[in-house]
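Computed from heavy atoms alone, side chains included, the values below leave out hydrogens, waters and symmetry copies.
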Amino acid sequence: MASRFNPLKADAHWQKIWEERGSFHASDDSVKPKSYVLEMFPYPSGRIHMGHVRNYTMGDVLARYRRMKGFEVLHPMGWDAFGMPAENAAMEKKVHPGAWTRANIDTMRAQLKRLGFALDWSRELATCEPDYYGHEQALFLDLFEAGLVYRKQSEVNWDPVDMTVLANEQVIDGRGWRSGAPVERRKLNQWFLKITDFAEELLDGLDELDQWPDKVRLMQENWIGKSQGLKFRFQLSEPVGGATDFEVFTTRPDTIFGASFAAISPDHPIATVLAGKNEALDAFIKDCKAGGTTAAALETAEKKGFDTGASVIHPFDAGWKLPLYVANFVLMDYGSGAVFGCPAHDQRDLEFARKYGLPVTRVVAPSVDEADAPIGEEAYTGPGLLVNSRFLDGLPAEEGVREVIHRAEQDGWGQGTTVWRLRDWGVSRQRYWGTPIPIIHCEACGPVPVPRDQLPVVLPEDVTFDTPGNPLDRHPGWSQVPCPTCGGVARRETDTLDTFVDSSWYFIRFASQPDDGPFDRAVAESWLPVGQYIGGVEHAILHLLYARFWTRALKRIGRLDIEEPFKGLFTQGMVTHETYRATDGRWLSPDEIDERDGTLVETASGKPVEAGRVEKMSKSKKNTIDPEPIVDQYGADAVRWFMLSDSPPERDLAWSEAGIEGAWRFVQRLWRMSAGAGGRSTWLGDGADEALDRKLHRTIASVAANIESLAFNKAVANIYELANTVEKAPASASRAKAVEAMLLLVAPMVPHLAEEAWAALGREGLIADQSWPDVDPALLVEDEVTIAVQVNGKLRDTIIAPKGAARETVEEMALASEKVVRILDGKAPRKVIVVPDRLVNLVA
RNA sequence: GCCCCUGUGGCGGAAUUGGUAGACGCGCUCGACUCAAAAUCGAGUUCCGCAAGGAGUGCCCGUUCGACUCGGGCCAGGGGCACCA
């Protein structure tokens with residue numbers, strides 16, 4: 001028997017056997033209970049990175065464990081293959097996005113296979129292929145016909161030099177990433193999905209997702225952002241271009257008497273009219289449109305306003321006029337695009353009022369006595385009673401909200417309403433490498449769906465990337481088609497779908513992939529919802545919300561009777577690594593660094609180096625570790641073991657050389673203990689070892705519990721403890737059993753070693769096909785317990801007592817302790833607290 | 001700006017409902033084996049102290065017989081923010 005486990009041979013050997021036997025093919029018509037384990041599918045960016053390895057290792061352990069527990073497991077893999085990086089590669093490297101993407105997929109598939117994941121490769125899919133996106137186009141048309149798709153104007157980041165639309169990520173400090181030109185906001189006609197129709201049910205549905213992290217549920221709740229408040233109309237003192245009033249929304253109608261100005265968005269129709277007669281205002285509005293469209297860019301921008309000279313009338317007092325401003329912080333997309341400002345109780349309004357010299361009137365105070373307490377640098381947003389508010393005076397603020405809404409409804413100038421922060425999902429992208437939107441624009445008929453028998457609308461491959469912008473627009477023939485309805489002159493939609501659409505239903509396609517439709521309903525329903533979904537927390541909002549929406553939309557149109565796509569969700573942490581910088585600011589890779597005389601230097605130059613933070617692996621910081629050479633050197637199992645060890649899976653994992661070395665050593669230690677030369681003879685023996693039996697059975701139970709709750713680091717620690725105990729135990733029949741059971745426990749984590757050792761021990765069949773070992777409940781119960789003895793809450797001694805011993809017995813034993821006698825010094829304790837089987841606390 | 005998360009030895013971290021803080025791993029120290037090294041095995045390793053003992057889970061305050069755990073107030077670091085996926 002080999003004295004060392006050789007992963008180079010073993011990995012490939014067992015991977016081939018699993019593949020030949022179809023070990024991990026999921027059968028749709030199995031009689032076993034079904035379990036769907038899914039990790040977020042990767043974007044084929046080039047090569048597998050450590051984050052993928054960690055993600056897929058976690059899912060793999062769970063999938064393999066569930067198979068051992070008797071489930072028919074669906075554990076598929078595919079490619080989120082459309083997206084911007086392929087177009088960037090096309091421009092930079094002069095390769096076609098399709099060729100680049102497909103080559104990446106081939107590379108990454110081979111890399112994943114080397115890690116020995118228990119995946120059903122027969123269900124592999126790539127979103128960039130017509131046999132996937134064609135079905136997506138059909139689903140898009142289903143939603144279109146159900147009235148869930150519409151068209152409206154929406155803003156994009158526009159690069160005026162490159163004449164192209166920019167993604168937020170391409171806007172750096174308000175400038176285009178290539179041209180460096182200041183970015184403008186520009187309106188385009190775009191397609192939207194009516195996710196807001198589902199706002200209420202998407203919010204309510206969160207309550208039932210009890211196997212999701214609270215953090216993610218909260219993030220989604222905030223994102224959906226339900227607010228209740230008052231919608232009312234401000235009358236303009238003088239009509240503006242025919243308008244005599246406009247709508248305002250507020251969540252704080254109780255503060256209406258603290259109003260000192262009204263503000264509308266730069267995009268508000270009234271602002272547009274006013275700007276027509278006022279050059280300075282026009283310039284101000286243009287200025288507001290500079291910069292990016294992200295929330296962060298908008299909200300950190302300096303709060304600026306422009307006094308239009310117009311005014312509005314206070315709803316409760318016809319003689320009270322409020323100045324009307326155009327303000328850059330008022331969002332046209334939220335509420336009505338108009339607000340009233342109450343500086344005393346809103347920080348942003350306060351800063352605005354101070355800047356433009358507007359009055360600040362307190363209308364909420366902690367008590368009536370503080371009615372005239374001045375507002376300093378900070379707005380008062382706490383609870384309290386209404387003051388300086390006429391008929392509202394003395395009411396608690398929350399009652400004031402109800403009272404103002406009541407009066408507004410009674411007098412007919414406003415009504416209580418619910419407003420959502422959630423906006424409809426804009427799915428148009430002015431890009432090539434995405435799913436073509438299956439719509440034809442006819443001059444006479446308007447937008448017309450592509451007839452079903454003409455799907456898929458295939459993305460043409462003969463395009464060029466020599467100029468910026470969407471190549472589909474420039475393609476000579478592709479967009480020119482007759483109208484399907486009238487046969488007249490028409491043009492294909494040249495925008496493509498947001499790649500989040502692709503990832504909103506791939507998990508359904510994995511469950512069922514017929515040729516003639518997106519999925520077979522009954523088969524899909526037999527697997528769904530996904531039992532455990534695992535991926536990065538960066539998808540906590542958008543991807544997960546869109547997938548939830550898409551699933552509910554399919555239910556609404558009668559295609560699938562599933563409400564929530566993901567029953568269990570787990571968000572794993574990132575893989576990090578140390579960073580280094582040369583004194584001139586260059587990032588240096590950790591292997592370009594040496595330590596000389598206690599200081600860090602750059603190996604090549606000998607110049608000093610500054611150690612940076614341990615950060616997410618990224619090319620720009622030169623701290624990435626390519627998994628492939630690591631697998632070459634240590635084998636798949638050591639890499640997998642390291643990914644599971646130490647760090648809790650939801651937190652970041654710091655890559656280290658020492659860590660992978662440690663994992664490698666443990667893999668070898670497992671081999672020596674079980675099948676390695678000389679190993680067996682040391683543990684074969686007769687007779688029972690009850691202490692070892694107890695340890696084994698407790699370990700089986702706790703490893704199972706820890707895998708089920710995805711606490712892999714704890715499962716790993718359990719196994720180390722067991723290994724330590726087994727090694728110290730004398731030879732016995734119990735020890736022989738423990739070694740074999742231990743192989744079953746590690747089989748989901750280090751499957752190649754487990755198979756190799758299983759075979760070396762002469763056991764039949766694959767370890768992958770074995771059942772998880774049973775636990776004898778009798779062995780989980782201890783007959784003796786260690787009890788802590790405290791005096792005044794401080795630990796002074798421990799005693800060993802029979803499990804379940806009477807309070808009196810334990811108290812007596814504690815009082816008999818030498819240390820306790822010395823500390824109590826003859827005095828009787830005032831009070832004795834006994835926690836059965838845990839501790840005794842003597843209060844002196 | 002808004003929202004969220006995290007903070008425990010030299011390091012990663014463990015600690016069912018408040019009940020023996022530091023399991024397990026890494027590193028380090030000493031020892032065994034070896035001509036030597038690697039590998040392996042054994043012992044030790046929160047801090048102060050020879051010891052008895054004392055202190056200790058980012059900081060301050062509180063609740064409790066008892067707080068890493070609960071409440072209040074801070075500090076520090078990190079993440080997300082709708083066209084990156």
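Between Phe500(A) and His539(A), the ring planes are perpendicular. Angles over 60° get that label, and only those under 30° would be called parallel.
Not one side-chain nitrogen or oxygen of Lys215(A) sits closer than 4.0 Å to the OP1 or OP2 atom of C4(B).
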Inset, instruction - Apply ring pair (Phe, Tyr, Trp, His ring centres under 6.0 Å) to Phe352(A) and Phe329(A), showing your working. - result: CA-CA 10 Å; Phe352(A) 193 84; Phe329(A) 58 84; 5.5 Å; yes
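Across the protein-nucleic acid pair, Asn222(A) atom CG and G79(B) atom P stand 20 Å apart, rounded to whole Å. The CH2 atom of Trp671(A) sits 18 Å away from the C1' atom of U40(B) (whole-angstrom rounding). If you measure from atom CG of Asp652(A) to atom C1' of G7(B), you get 13 Å, rounded to the nearest angstrom. Glu87(A) has its CD atom 14 Å from the C1' atom of A85(B), to the nearest Å. In this structure, CG of Asp837(A) is placed 18 Å from P of U17(B), rounded to the nearest angstrom.
Glycosidic conformation, G42(B): anti, with the torsion outside 90° of 0.
Summary of the strand contacts: Pro648(A) and Val843(A) both lie near RNA chain B, and taking for each the nucleotide with the nearest heavy atom, the more 5' one is attributed to Pro648(A). Between Gly662(A) and Lys728(A), the residue anchored closer to the 5' end of RNA chain B is Gly662(A), taking for each the nucleotide with the nearest heavy atom.
Residues Phe82(A) and Tyr133(A) bring their aromatic ring centres within 6.0 Å. Ring centroid separation for the pair Trp505(A) and Tyr132(A) comes in under the 6.0 Å cut-off.
Contact annotation for Asn724(A): backbone-only contact, meaning every heavy-atom pair under 4.0 Å involves sugar-phosphate atoms and none involves a base. No engagement by Arg217(A) is indicated, since no non-hydrogen atom pair under 4.0 Å with the nucleic acid exists. Phe666(A) comes within 4.0 angstrom of nothing in the nucleic acid, heavy atoms only. Among the heavy atoms of the strands lying under 4.0 Å from Thr499(A) are primed sugar atoms or P, OP1, OP2 only; no base atom is included. No contact: Pro42(A) has no heavy atom under 4.0 Å from any strand. Nucleic acid contact for Ser503(A): none, since no nucleic acid atom lies under 4.0 Å from a heavy atom of the residue. The residue Glu661(A) sits apart from the nucleic acid: no heavy atom pair falls under 4.0 Å.
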Legend entry - Dot-bracket line, read 5' to 3' along RNA chain B, where crossing pairs take [ ] and | marks a partner on another strand, Watson-Crick or G-U under 3.5 Å: (((((((..(((......[....)))((((((.......))))))(((....)))..(((((..]....))))))))))))....
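A37(B) sits 29 Å from C24(B) when the P atoms are compared, rounded to a whole Å.
Remark: Lys616(A) engages no residue in a salt bridge (charged side-chain N to carboxylate O under 4.0 Å, His left out) (not counting sequence neighbours).
Within 3.5 Å, a donor on the side chain of Asn841(A) pairs with an acceptor on the base of C65(B), or the reverse. Residue-to-nucleotide contacts include no donor-acceptor pair under 3.5 Å from the side chain of Gln220(A) to the base of C3(B). Looking at Arg431(A), its side chain comes within 3.5 Å of the base of C83(B) through a donor and an acceptor atom.
Listed candidates were G54(B), G19(B), G12(B). Nearest to the side chain of Ile833(A) is G19(B).
Looking only at distances, no side-chain donor or acceptor of Arg54(A) sits under 3.5 Å from a matching main-chain atom of Leu644(A).
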